[in-house]
Number of protein chains: 2
Amino acid sequence: MTTKNKILMASLKFFLVRGYENTTLSMIADAVNIKKPSIYYHFKSKEDLLFNSIYFILDNLEKQITHSITKSDNPKQQLESFFECILDFNSKLSLMIGNDFNAPINFITIFQLYSNRFCELSKRINEYYENISSILKDIIDQGQKKKLIKNTLDKEMTVIDIISRIEGLIALSTIYKSIDLNSIRNQLYENLWASISLENNSPKTKKFFNYGHINLGRKW
Amino acid sequence: MTTKNKILMASLKFFLVRGYENTTLSMIADAVNIKKPSIYYHFKSKEDLLFNSIYFILDNLEKQITHSITKSDNPKQQLESFFECILDFNSKLSLMIGNDFNAPINFITIFQLYSNRFCELSKRINEYYENISSILKDIIDQGQKKKLIKNTLDKEMTVIDIISRIEGLIALSTIYKSIDLNSIRNQLYENLWASISLENNSPKTKKFFNYGHINLGRKW
DNA sequence: GTCTATACAAGGATAGAC
DNA sequence: GTCTATCCTTGTATAGAC
C-alpha cells in the first residue's frame, strides 16, 4: 500500500468515526507514521482529503451494488441483493477501516453533513442517488413485466420508500442501542417485498451474500 | 425572551445548520447582539450549550408526540399522528430557528454525531428511543386487541421498522435533492399502515395536524 | 449582566533543508 | 518524499472593570 493510500484510508477512518472537524492532520499523520507536512505532498488540503474519502465510499458502493444486482435476473432476489449490499457495505467499511473505536459507523451521516456545505460533493452524492434510483426503477419495471410486482405502484415513491427504509435502518442502528440489526434484517426485507409484490405469502428464505473485496476505485 | 433563551435558540440554530464544531461562540454572540464572554455568564461552556440544545429538542419532541397521540384512541389515527408529528417537528424546527441558510435541517443527524461522543447525551437519546418505542408498542397492542392490526407481527421489529422509515425519510429528503417529501408522505403512511393492518383496502384520507406552539421545555 | 482585554492552545498550511 | 521549524489564524475561556 502506497503512502498516499495509507493517508487516505486513515483519513476515511477518522472522518467516519470522529467527523471532519474533529479529525486533525496530526492524527492522520500519526496513524500513518509520517509527519504532518508530508501529507501536503500527496494532497493539497484537508478538504481534498474529505472529497477523496467520500469519492472512495461512493465509487466502491456503486460498484458493489451494480455487481450484486447482476448475480440474478429475478427481481425479488435483485432487490434482496440491493438491500443486503448496502447494509453489508456499512459493516464492511467498519471492518476495513479497522474501527477500533467502540462507536458504530454510519457512512450516510457524512453525506448529510457535507453535501450541503460543499457543492462539489453535493453533485456527486446526488449522482449516487440518481444512480441507485435508476437501478431500483429497472428492478421494479422488470418485476412488473414478470407479474411479480404490483402494477399500481407509484414508481418514484416506491424507490424513495425503499431507499429511506434501508438508510433509516442503518442510521437508527447506530443511535439506538437496543437494536440487533442482524436478527431482523431478513424479516425487514421480507416485509418490504411483501408490500410491493403480488405474492400472498412470501417465503422466508435466508440468504447471505458475499460481495468480495473492496477495491480502491478512483485513479489519482 | 430572556438573553439566556436567545443564546440557546441561536446555538440550536447554528448547531443544526452548521454542526457543533463549525459553530463558534462569536457567531452565537453576534446573533444575539452581545459579546462573546457574556455567554459564559449564562452557560458554563460550549458543551453545555450543545447539551441544552439537544435536551430542548428531545423534551419538545416527546411532549408533542405524547400530545398528538392523545387526540384519538383509534390506533390507525394514532399511528398517523405519530408519523406526521415527527415529520412536522423537523419542519417546524426549521421555521422556529429561522433557517435562513438554504440547507434543509435534520434534527436526527445531531443525535448520530454526538450520542457516541458524550455519554450524558447518549443516555438521554436512548431514553427518547425507549419512550417512543414504548408508545408505538402500546398503539400496536391496542390495534391488535381491536382486531385492526395483524396478530402475527413481531412487535419489537415492527417498532424498529416504523421508526427507521420515518427517520430514513427525513434524512433522505435532506440529502437527495429530487425528493418532494410533502407530496408523498401521506402515501408512505398509507403503505406503512397497509403493511401492518388487517384491512384489505386502506382508505386514503388526507389529514393535517397542528401540534401547536413549541415551548421551552426544560427548567434552568 | 455585560463589557474590554488578553491568555492559551491548537490547527491548517508553507518554507526550505536533506 | 519526508523532515524541522515556523507562521498565522481562530477558537475557547478567564480576569477584572463598569
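Going from atom CD1 of I7(B) over to atom P of dT12(D) covers 14 Å, rounded to whole Å. Here dG1(C) presents its P atom at 13 Å from NZ of K6(B), a figure rounded to the nearest Å. Spacing between atom CZ of F43(A) and atom C1' of dG12(C) amounts to 16 Å, rounded to whole angstrom units. Put simply, CG on L49(A) is 10 Å from P on dG12(C), counting in whole angstrom units. With rounding to whole Å, E21(B) atom CD is found 16 Å from dG12(C) atom C1'. Following rounding to the nearest Å, L25(B) (CG) and dA13(D) (P) show an atom-to-atom distance of 6 Å. What separates OH of Y40(A) from C1' of dA5(D) is a distance of 15 Å, to the nearest Å.
Checking E130(B) against Y176(A) by side-chain atom types alone, a donor-acceptor pair falls below 3.5 Å. In this structure, a donor-acceptor pair under 3.5 Å is absent between the side chains of Q78(A) and S72(A). A donor-acceptor contact closer than 3.5 angstrom is absent between the side chains of S45(B) and D48(B).
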Practice task
List the steps, then state whether salt bridge (charged side-chain N to carboxylate O under 4.0 Å, His left out) holds for K177(A) with E127(B).
Solution key: CA-CA 10 Å; K177(A) 307 278 188 288; E127(B) 192 185 299; over 6 Å; no

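Counting only heavy atoms from C-beta on, T3(A) has its side chain closest to dT2(D) among dA13(C), dT2(D), dT12(D). Side-chain proximity of S38(A) to the nucleotides dC3(D), dG1(C), dG11(D) is greatest for dC3(D). For H42(B), whose side chain is taken as the heavy atoms from C-beta onward, the closest listed nucleotide among dT14(C), dA13(D), dT2(C) is dT2(C). Counting only heavy atoms from C-beta on, K46(A) has its side chain closest to dG12(C) among dG12(C), dT12(D), dT2(C).
Near-neighbour residues of DNA chain D inside residues 28-37 of chain B, defined by a heavy atom below 4.0 Å, number-ordered: K36(B), P37(B).
The shortest non-hydrogen separation linking F51(B) to E120(B) is CE2-OE1, 3.2 Å.
Residue contacts shown for T2(B) are absent, as no nucleic acid heavy atom lies under 4.0 Å away.
Taking the side chain as every heavy atom from C-beta outward, S53(B) and L8(B) approach each other to under 4.5 Å.
The phosphate of dT2(D) has neither OP1 nor OP2 within less than 4.0 Å of any side-chain N or O from Y41(A).
Under the salt bridge (Lys or Arg N to Asp or Glu O under 4.0 Å) criterion, no residue pair touches residues 30-43 of chain A, with sequence neighbours excluded.
With F107(A) as the partner, the ring pair (Phe, Tyr, Trp, His ring centres under 6.0 Å) test is satisfied by one option alone out of F56(A), Y128(A), F89(A): F89(A).
Using a 4.0 Å cut-off between charged nitrogen and carboxylate oxygen, R165(A) and D161(A) count as a salt-bridge pair.
Each end of the helix from dG1(C)-dC18(D) to dC18(C)-dG1(D) gets its own axis, taken as the rotation carrying the C1' atoms of four end pairs onto the next four within a five-pair window, and the two axes meet at 0° to the nearest 10 degrees.
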